[in-house]
There are 2 protein chains.
Amino acid sequence: MRNTVARDAILEIINTTDVALSQSDVQAKLPEGLCNRVTIYRVLDRLVDEHLAHKITNIDGVIKYANCQSCATNHKHNHVHFNCECCNTVTCIEAVEPSFKLPANYEVNTVNFLVSGICPECKGN
Amino acid sequence: MRNTVARDAILEIINTTDVALSQSDVQAKLPEGLCNRVTIYRVLDRLVDEHLAHKITNIDGVIKYANCQSCATNHKHNHVHFNCECCNTVTCIEAVEPSFKLPANYEVNTVNFLVSGICPECKGN
DNA sequence: AACCCTATCGCAACATTGTTGCAAACATAA
DNA sequence: TTATGTTTGCAACAATGTTGCGATAGGGTT
């Protein structure tokens, strides 16, 4: 995959942010006019294909992207994500991998575990 | 809450369908022109308020509604939901309640556990 | 350095989902 | 039957995400 200005900038943002970001979150962090809205969607999807990011569908239906600490060794991404209803951020809680066991014959491809509530930061304030 | 034609019809649909339904799914099952699109959104939300249904955000961001077998005794709804990528349905798997444990000071309000893959029906065909 | 190939981009247009304000219609209780 | 407040329809809007296509620009090759 090619290194383009947009790709580099977006990857940099994903890698230096500790919460998951939507397309519009990314756009807000990019220099004005660096690239088109559509490009952000496309680059984010490409980063997922390249295993440099993973997708989380937030409780409001908005898709967020985050890099993953353990990506190099494990592409499962079945850890819990937490949506704070107060500061409106989604964070990976990598330490927490829920255990569950489906009935026979279910083939699992993707897992989207999202817990919504109030994060410690917001509770403290 | 009042019993209206729309409410009765939508509740009937939710209660007699064993998969979770989006607004447009419900609309497709309603008699043509029984009520407006907006009314379906509003009725579904009202049913959630009355604890007659619960919400699941699907992996594609679309919000689905389902009645819940154990609603009378337990409003947690933290069971697993399964999205079949083949037949494109979301089903409640009430038997499976994942166990997880967040770090201290996270206040949990809602849980959205979604597993996506291929369901037994589609695998058999 | 010039060239080529093709991945990537920008733009415009579109689709879908979901929300809001307000006036009209309706359910229910008095 | 009337009064009250809930519910509805309509129209308009907002946000997210997708698609097609011509233009642009990586990056390898000569």
Side-chain angles (χ1 to χ4, degrees), chain A residues 1-14 19-66 83 85 88-90 110 112 114 116, chain B residues 1-14 20-50 52-66 83 85 88-90 110 112 114 116:
Chain A
M1 310 264 173
R2 291 182 181 171
N3 279 338
T4 64
V5 175
R7 195 197 108 111
D8 291 351
I10 293 170
L11 183 56
E12 168 79 10
I13 287 172
I14 291 287
V19 297
L21 301 173
S22 67
Q23 169 272 326
S24 69
D25 294 335
V26 169
Q27 188 163 32
K29 285 175 172 280
L30 280 174
E32 177 85 25
L34 184 137
C35 74
N36 189 269
R37 195 169 67 88
V38 178
T39 300
I40 301 175
Y41 282 110
R42 296 199 266 224
V43 168
L44 288 172
D45 281 339
R46 234 181 308 142
L47 293 180
V48 171
D49 289 343
E50 297 177 42
H51 299 295
L52 294 174
H54 63 287
K55 271 169 110 153
I56 313 108
T57 305
N58 198 0
I59 205 147
D60 61 2
V62 175
I63 295 173
K64 302 237 177 188
Y65 297 80
N83 171 62
E85 295 158 7
N88 201 30
T89 59
V90 171
T110 319
N112 199 82
L114 196 101
S116 186
Chain B
M1 310 265 172
R2 292 187 179 169
N3 279 338
T4 65
V5 175
R7 196 197 106 112
D8 292 350
I10 294 170
L11 183 54
E12 169 77 11
I13 287 171
I14 291 287
L21 302 173
S22 66
Q23 171 272 327
S24 69
D25 294 335
V26 169
Q27 187 163 32
K29 284 174 173 283
L30 280 174
E32 177 84 28
L34 185 138
C35 74
N36 189 269
R37 195 169 69 89
V38 178
T39 301
I40 300 176
Y41 282 111
R42 296 199 266 223
V43 168
L44 287 171
D45 280 340
R46 234 180 308 143
L47 293 179
V48 172
D49 288 344
E50 298 176 42
L52 294 175
H54 64 287
K55 273 168 109 153
I56 313 108
T57 305
N58 198 0
I59 204 148
D60 60 2
V62 174
I63 295 173
K64 302 236 176 189
Y65 297 80
N83 171 63
E85 294 158 9
N88 201 30
T89 59
V90 172
T110 317
N112 198 83
L114 197 100
S116 186

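Treat the numbers as computed from the prediction; the structure is a model and nothing was measured. Lettering of chains follows the sequences in order, A, B, ..., and the numbering in each one begins at 1.
Minimum interatomic distance between B:Thr110 and A:Ile59 (heavy atoms only, all atoms of both residues): CG2-CD1, 3.9 Å.
Taking for each of A:Tyr41 and B:Val5 the nucleotide of DNA chain D with the nearest heavy atom, the 5'-most of the two is the partner of B:Val5. Taking for each of B:Asp45 and A:Val43 the nucleotide of DNA chain C with the nearest heavy atom, the 5'-most of the two is the partner of A:Val43. The nearest heavy atom of DNA chain C to B:Asn3 and to B:Lys55 marks one nucleotide each, and the one closer to the 5' end goes with B:Lys55.
Atom CD1 in B:Ile40 sits roughly 14 Å away from atom C1' in D:dT7 (whole-Å rounding). Atom pair A:Met1:CE and C:dT8:C1' shows a separation of 11 Å (rounding to whole Å applied). Going from atom CG of B:Asp60 over to atom P of C:dT17 covers 9 Å, rounded to whole Å. Atom pair B:Leu21:CG and C:dG18:C1' shows a separation of 17 Å (rounding to whole Å applied). One can place CD1 of A:Ile63 at 12 Å from C1' of D:dT18, the figure rounded to the nearest angstrom. Atom CG of A:Asp25 and atom P of D:dA15 are 13 Å apart (whole Å). D:dA25 atom P lies 15 Å from atom CG of A:Asp8, rounded to whole Å.
At the phosphate of C:dC9, neither OP1 nor OP2 sits under 4.0 Å from any side-chain N or O atom of A:Asn36. Between C:dG10 and A:Thr39, a contact under 4.0 Å exists linking OP1 or OP2 to a side-chain N or O.
In this structure, B:Asp49 contributes its side chain and B:Arg46 its backbone to no donor-acceptor pair below 3.5 Å.
Two residues are said to be in side-chain contact when any heavy atoms from C-beta on lie closer than 4.5 Å; B:Met1 and B:Leu52 fail this criterion. In this structure, B:Cys35 and B:Leu30 have side chains that are in contact, with non-hydrogen atoms separated by less than 4.5 Å.
Distances from the side chain of A:Val38 to the nucleotides D:dA11, C:dC22, C:dC11 place C:dC11 closest. With D:dT19, D:dG17, C:dT8 as the choices, the nucleotide that has an atom nearest any side-chain atom of A:Arg42 turns out to be D:dT19. The nucleotide whose nearest atom lies closest to any side-chain atom of B:Thr4 is, among D:dG27, D:dG9, D:dT7, D:dT7.
Side-chain atoms of B:Arg37 stay outside donor-acceptor range of the base of D:dG9, with no qualifying N/O pair under 3.5 Å. Interface remark: the A:Arg2 side chain does form a donor-acceptor pair with the C:dT6 base, using a distance-only criterion of under 3.5 Å. Interface remark: the A:Arg7 side chain does not form any donor-acceptor pair with the D:dG26 base, using a distance-only criterion of under 3.5 Å.
At the heavy-atom level, B:Leu34 lies under 4.0 Å from the strands shown only through sugar-phosphate atoms.
Note that NZ of B:Lys55 is 4.5 Å distant from CD1 of B:Ile63, once rounded to the nearest 0.5 Å.
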